[in-house]
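I have placed the structure first, in the form of structure tokens, so that the comments after it can refer back to it.
Nothing fancy with the numbering, it's 1 onward along the sequence.
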Amino acid sequence: MTLRLNDRYLKAFITDADYAAMADKIAVAHQTFTEKNGEGSDFLGWTELPDHYDAEEIARVVKAAEKIKKSCDVFVAIGIGGSYLGARAALEFCTSPRYNNLKKDTPDIYFAGNDISASNLSELLEICEGRDVCINVISKSGTTTEPAIAFRVFRELLEAKYGKDGAAERIFVTTDKCRGKLKELSDLNGYETFVVPDDVGGRFSVLTPVGLLPIAVAGIDIYEMLEGAKAAKEAYTVCDLHANDCYRYAAIRNILLEKGKSVEILATYESALGMTAEWWKQLFGESEGKDNKGIYPSSVTFTTDLHSLGQFVQEGSRIMFETVLDLVNSSHTLKIPYDPANSDGLNFVADKDLHYVNRTAFIATAMAHVDGGVPNIVLELEKRGAYEFGYLVYFFELACAISSYTLGVNPFNQPGVEAYKKNMFALLGKPGEENEKLRVALTKKM
């Protein structure tokens, strides 16, 4: 078992008749997906990545990662959305949220260009002072505001420290194969470039050089990760809700939505899975949230958030369901000490393994939330590792595609994200008659 769907906490909410009624809709979505005749079908390249990746390109990624590991103390990955979430999720999933504080023979890794905070960027520059730095700027066009600003700042830093030629040896670019401002700049300055495939959208791109270069720099085996994704691809081919857990997950989500559950909470009990939840939120949020449809994706890290959001989940508005990523095996063993004085009254857990207590907390919480009217989907994940991460990525990507087609939306576009950009550019004074008209109109509303 790498990943298994446990539906024991759904029996009070979903009947066999519900599954039967949804099975026909899933079958239509499956046909649309496999025949590649649905909306957005020109962005299905991610389905081929696990077993038909560009071997030469991936070999260059590994070679570049080795060069980076030998030449810097700090590696900065510059990107936003799908250009950084997958890599950061993999880093924390396979190593630790405290990666930069661990003893290791790989560089510290930081992520920039995912906000416009002066404080965040200034503090990162301070961290880089007196240390050797390499950067990887990740952008299809090179004109996305947040990463473009961060790249300007770090390019200036590297050129001032190493000279223009020296900086070029420390700048790695992941962008379009042939066109775009970033590709032009890279060709002009001799930066090594990697390709963002034309047929893979950003939120589906973690298993391309977009995510694989930062992942490899952390010393994580990217071939093993691709093998995990390949295994998942092979596991989820049959359109049968009893045999295909991935399709069953997509079906359950849509059944619960039809029953009024419009919010999905991805619950984890390990902080190392927190960024995986952030990646998951973009995947499902951008894919399903359109045409006034979709399930709102949220996340919590229990038991921490039981002390802040637990009350609402237990007794608040009944619009939600939980999907629990249950880590079956921990990479660490820690026995709880015995206290002769029993000063905290917790000797009943003495000598128990902390991971066992954590999983007991999950079971207790699931039962309580189900009693409170919150359905729980449980995804049992065997362990943390590169193989398991690749498997989980493909599971969620496929489930997202099938679920979106079942919902009746294009899983692969995101037209709504442009609205705020138009307003921001106009207010910042971007040249152009239309921008000026918009700026005037917006100013009147302020």
Side-chain angles (χ1 to χ4, degrees), residues 53-79 83-84 86-113 123-139 147 150-151 153-175 182 185-196 206-227 385-387 389-390:
Y53 58 82
D54 186 332
E56 183 178 344
E57 180 88 342
I58 299 305
R60 286 202 308 115
V61 167
V62 172
K63 184 177 179 180
E66 291 303 315
K67 177 182 176 181
I68 290 166
K69 285 189 278 188
K70 293 175 182 176
S71 59
C72 71
D73 309 304
V74 176
F75 175 72
V76 181
I78 299 173
S83 295
Y84 97 99
R88 186 167 177 185
L91 175 70
E92 297 194 7
F93 183 101
C94 297
T95 64
S96 167
R98 301 178 180 85
Y99 167 84
N100 286 340
N101 302 112
L102 300 176
K103 294 179 180 179
K104 57 190 183 300
D105 57 3
T106 51
D108 286 353
I109 298 178
Y110 291 92
F111 295 88
E123 290 165 2
L124 182 52
L125 291 172
E126 291 178 10
I127 289 171
C128 292
E129 285 181 7
R131 307 174 77 186
D132 283 319
V133 179
C134 290
I135 67 172
N136 174 209
V137 57
I138 308 158
S139 175
F151 182 38
V153 171
F154 273 94
R155 189 177 67 203
E156 181 181 67
L157 169 71
L158 293 181
E159 289 182 354
K161 184 170 184 175
Y162 302 106
K164 195 167 185 179
D165 291 341
E169 291 292 318
R170 295 175 172 275
I171 296 174
F172 299 83
V173 175
T174 309
T175 189
L182 189 52
L185 184 65
S186 299
D187 290 344
L188 180 65
N189 290 284
Y191 305 148
E192 183 169 4
T193 61
F194 301 94
V195 176
V196 181
V206 61
L207 299 180
T208 75
V210 168
L212 293 179
L213 180 56
I215 293 169
V217 170
I220 299 166
D221 189 336
I222 60 175
Y223 289 108
E224 184 179 345
M225 190 170 289
L226 289 164
E227 279 298 311
Y387 182 93
F389 184 81

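- Nearest approach of Thr175 to Ser139, heavy atoms of both residues: OG1-O, 2.7 Å.
- Side-chain atoms of Tyr387 and Asp221 form no donor-acceptor pair, as typed in the model, at a separation below 3.5 Å.
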Steps toward salt bridge (Lys or Arg N to Asp or Glu O under 4.0 Å) verdict (Arg60, Glu56):
CA-CA 6 Å; Arg60 286 202 308 115; Glu56 183 178 344; 5.6 Å; no
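- Relative to the six-membered ring of Phe151, Arg155 meets both conditions, a distance below 6.0 Å and an angle of at most 45° to the axis.
- Residue Ile135 holds its CD1 atom at 10.5 Å from CD1 of Ile68, rounded to the nearest 0.5 Å.
- Proximity of Leu212 to Phe194: side-chain heavy atoms (C-beta onward) are nowhere separated by under 4.5 Å.
- Nearest approach of Ala112 to Val76, heavy atoms of both residues: CB-CG1, 3.8 Å.
- Residue Thr106 holds its OG1 atom at 10.5 Å from CD of Glu66, rounded to the nearest 0.5 Å.
- Between Ile58 atom CD1 and Tyr223 atom OH the span is 7.0 Å, to the nearest 0.5 Å.
- For Lys104, the NZ atom is densely surrounded, since the number of other residues' heavy atoms within 6.0 Å is greater than 12.
- Closest approach of Thr193 and Ser186 over heavy atoms only: CG2-CB, 3.4 Å.
- Within the structure, no pair that satisfies the ring pair (Phe, Tyr, Trp, His ring centres under 6.0 Å) test touches residues 60-79, not counting sequence neighbours.
- To the nearest 0.5 Å, atom OG of residue Ser83 and atom CD1 of residue Ile78 are 11.5 Å apart.
- Atoms CG and CD, from Leu124 and Glu129 in turn, are 11.0 Å apart once rounded to the nearest 0.5 Å.
- Side chain of Tyr162 to backbone of Val133: a donor-acceptor contact under 3.5 angstrom is found.
- In terms of the ring pair (Phe, Tyr, Trp, His ring centres under 6.0 Å) criterion, residue partners of Phe389 (sequence neighbours excluded) are, by chain and number, Phe93.
- Contact between Arg131 and Asp108 at its shortest, heavy atoms only, is NH2-OD2, 2.9 Å.
- Checked by atom type and distance alone, the side chain of Glu57 pairs as donor or acceptor with a backbone atom of Val195 at under 3.5 Å.
- Formation of a donor-acceptor pair under 3.5 Å by the Asn136 side chain with backbone atoms of Ala77 is not found in this model.
- Remark: Lys63 NZ is loosely packed, at most 12 non-hydrogen atoms of other residues, nucleotides or ligands lying under 6.0 Å away.
- No side-chain heavy atom of Ile171 sits under 4.5 Å from any side-chain heavy atom of Phe154.
- Using a 4.0 Å cut-off between charged side-chain N and carboxylate O, Glu192 and Lys67 make no salt bridge.
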Worked check of side chain to side chain contact (heavy atoms under 4.5 Å, CB included) between Met225 and Leu207
CA-CA 8 Å; Met225 190 170 289; Leu207 299 180; 3.9 Å; yes
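- The heavy-atom pair separating Lys161 from Gly130 by the smallest distance is NZ-C, 4.2 Å.
- We find the OH-OH distance between Tyr84 and Tyr110 to be 15.5 Å, quoted to the nearest 0.5 Å.
- Among all heavy-atom pairs drawn from Ile138 and Pro214, the shortest one is CD1-CG, 4.4 Å.
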